[in-house]
Amino acid sequence: MSAVPLISRSGADLRFSSYDVLVIGGGIAGLTAAIGAAHRWHVGLITKGDLDETATFLAQGGIAAAMGEYDSPDLHLKDTLEAGVGLCDEDAVRVLVEEGPARVRDLERLGTKFDRRDGKLILASEGAHSVPRVVRAGGDATGSVVASALAEAITSGTRVELHENEFVIDLLLDAGRWVGAISLDREGGLTVTLARAVVLACGGAGQVFAHTTNPLVATGDGQAMAYRAGAVMRDMEFMQFHPTALYGSENPTLLLTEALRGEGAYLRDDAGERFMVGSHPRAELAPRDVVVRHMKRVFDRDGTDHVWLDARHLDCAFLRERFPTVYNGLKARGYDLCTQLIPIAPASHYFIGGALTDTWGRTGIPGLFACGETASTGIHGANRLASNSLLEGLVFGDRTVRELNRYLSVSDPAVRKVRLDLANEPRQGNDPAMVAEKRKAVAQLMTDLCGIVRNKEGLAKAATSLGEIENSLVAPGLCVAELELFNLLTVARHIVASAAVREESRGVHLRSDFPERDDAQWRRHVLIQRDADTGGQKVYSRSVEES
Ligand SMILES: Cc1cc2nc3c(=O)[nH]c(=O)nc-3n(C[C@H](O)[C@H](O)[C@H](O)COP(=O)(O)OP(=O)(O)OC[C@H]3O[C@@H](n4cnc5c(N)ncnc54)[C@H](O)[C@@H]3O)c2cc1C
């Protein structure tokens, strides 16, 4: 199912455009790649929503980079490896931590105003960082400040042609090279975009789960397209759940940044106990996976599904100034951060899995590059260190540009023939109400059976239920909601299949039937690839050393 041509022959007009480089995605990774590539190449940038509908825009805490007096890339490396629980690619992490500070300075040159005191960058503390290391802007509005500076650079003065509100359906192939994409605009028109290189920077897939901090656009389109294109998908079982998201049914839910705990906020259970004290030497500032595990223990013990964030002991004026996004976001929802306990529960937040790339954004498929949350460079291992992902977008977006410069200097510029994989007949597609209902069903079953804690029976049931949902659908028509549902199903299948294979608990992957970490068997990555002959998915594993 996941390999069906997603494009229906609809009778819609086809438009054509062409660039040297097509970047898909306007978050930190895509914007960095597009701005850099535009110095030498004609660049097209397509985004599914407006430029501010990204995870990047929502980011609160900041960007981790070794820029403090008592910090060093080696210490940042050590913290990242420790948080990654034995699965990080150390070479990739070294690239991240060594190039990170220069990329943050690039952002400043571009106009980003990071928070400073007495002229010095203010560095925040977050979980599992051994020193204050997180550069921030606008208090807790780092993402919107950074995204606005990058967007400003795109819209004024670069040679990037921006196409917002255009949904890329799939990639286009010419003689084994990926040379463009077909996209659907709001009016239902299709555009064929040819390019000598394509950069996938479509962000994550938090919407696979019912309670998420991710924007509505995070439906795993980049991962699903990469898979259909033949890329190797890695670590798809690792979805990081953030411990402190506002409890409730809002989609997306409001994140309560880790920096709140960095400034001294507590986690409490129903009885008012600080359950992280005594559970981990760093208490509330333990790595995210550890905090989530202890929250789950409290849920099981107390028969509840949320705990409490307590900032009441902190100075209210300070909270309002330091955390305007969180303070005002809570106020708008009827909560007062200064005087009330805030109900919180874990929410899907960052997708560690993605299209396998090297440290130059190469997927191994000529012409196809990936960076940001869509990619798997190996820097996060089995658990991402807080605030390393904006840095990832900057560092690997930039390295993708450097590799594009090499690739485009030597690759054949001519596109010979592009095959449009259109269905033969116009498709009716699926009823919109049913599509909405199935999307909810996928998110709920993934939360119930493949969420924070997994086991063999639940995963088998999840696989069966996903199959039933697929079988209840006809092939998609030209409708974004339907196309997203098919991508969500593809990614959900990958998460379930990889989670079933990893028979241990490590980082963000918890198996109640295999509760221990098993280094003897499982210092391995789970990989998924489309079988070109059968169209089915191949699942296999490879040791960290072989990877
Ligand atoms: C609430 C929140 C807070 C966070 N806080 C932090 C933080 O403080 N520090 C940190 O390091 N990380 C943080 N993260 C994580 C971080 O924000 C993301 O990992 C990072 O921004 C991802 O960047 P990206 O460029 O890969 O993707 P995104 O910023 O998500 O952008 C994805 C882009 O792809 C486009 N796209 C997707 N599918 C298609 C398609 N089919 N066709 C066309 N375009 C498409 C979207 O329109 C969008 O433009 C946070 C995440 C969230 C959700």
Side-chain angles (χ1 to χ4, degrees), residues 6 22-34 45-65 96 100 124 126 134-137 140-144 146-147 150-151 162-171 181-185 193 199-207 212-225 240 242 244-246 252-259 262 325-326 329 347-352 354 370-375 380 384-394 396-397 480 483-484 486-487:
L6 284 188
L22 171 63
V23 177
I24 308 173
I28 195 163
L31 293 174
T32 302
L45 171 64
I46 301 183
T47 70
K48 173 166 151 179
D50 292 333
L51 264 190
D52 58 4
E53 286 176 69
T54 60
T56 300
F57 198 88
L58 295 178
Q60 295 177 355
I63 307 178
L96 179 85
E126 288 193 5
V134 179
V135 179
R136 59 171 163 94
D140 63 355
T142 310
S144 63
V146 168
L150 290 167
L162 173 63
H163 306 274
E164 287 174 278
N165 295 299
E166 209 162 306
F167 180 89
V168 173
I169 304 174
D170 235 331
L171 304 174
I182 185 155
S183 53
L184 176 66
D185 63 29
T193 303
V199 180
L200 276 176
C202 297
Q207 291 286 330
T212 183
T213 62
N214 283 195
L216 292 170
V217 293
T219 52
D221 302 341
Q223 287 83 358
M225 279 191 267
Q240 183 175 65
H242 197 295
T244 56
L246 184 63
T253 186
L254 179 70
L255 179 74
L256 309 182
T257 173
E258 187 145 341
T325 309
V326 171
S348 64
H349 182 65
Y350 179 88
F351 197 19
I352 292 173
C371 52
E373 202 169 329
T374 298
H380 305 300
R384 176 183 71 112
L385 183 66
S387 289
N388 262 358
S389 45
L390 290 176
L391 189 69
E392 163 186 42
L394 287 175
F396 294 102
V480 169
L483 295 161
E484 284 182 340
F486 277 75
N487 288 336

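Index from 1, following the sequence. Both ligands and their constituent atoms are indexed starting at 1 by order of listing.
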Show every donor-acceptor pair shorter than 3.5 Å between a side-chain atom in residues 199-206 and any protein atom, with sequence neighbours excluded, or say none if there are none.
none

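The backbone N or O of L51 sits less than 3.5 Å from a side-chain atom of E164, completing a donor-acceptor pair. Judged by distance alone, the side chain of T253 and the main-chain N or O of T213 form no donor-acceptor pair under 3.5 Å.
Within 4.0 Å of ligand 1, protein heavy atoms belong to I24, G25, G26, G27, I28, A29, I46, T47, K48, G49, T54, A55, T56, L58, A59, Q60, G61, G62, E166, F167, V168, A201, C202, G203, T213, N214, D221, M225, L255, H349, Y350, G372, E373, R384, S387, N388, S389, L390, listed by chain and number.
Applying the side-chain hydrogen bond (donor to acceptor under 3.5 Å, both in side chains) rule to pairs touching residues 50-60 yields D50-N165, sequence neighbours excluded.
Within the 4.5 Å cutoff, side-chain heavy atoms of H242 are placed close to those of L255.
In this structure, T32 has no side-chain hydrogen bond (donor to acceptor under 3.5 Å, both in side chains) partners at least two apart in sequence or on a different chain.
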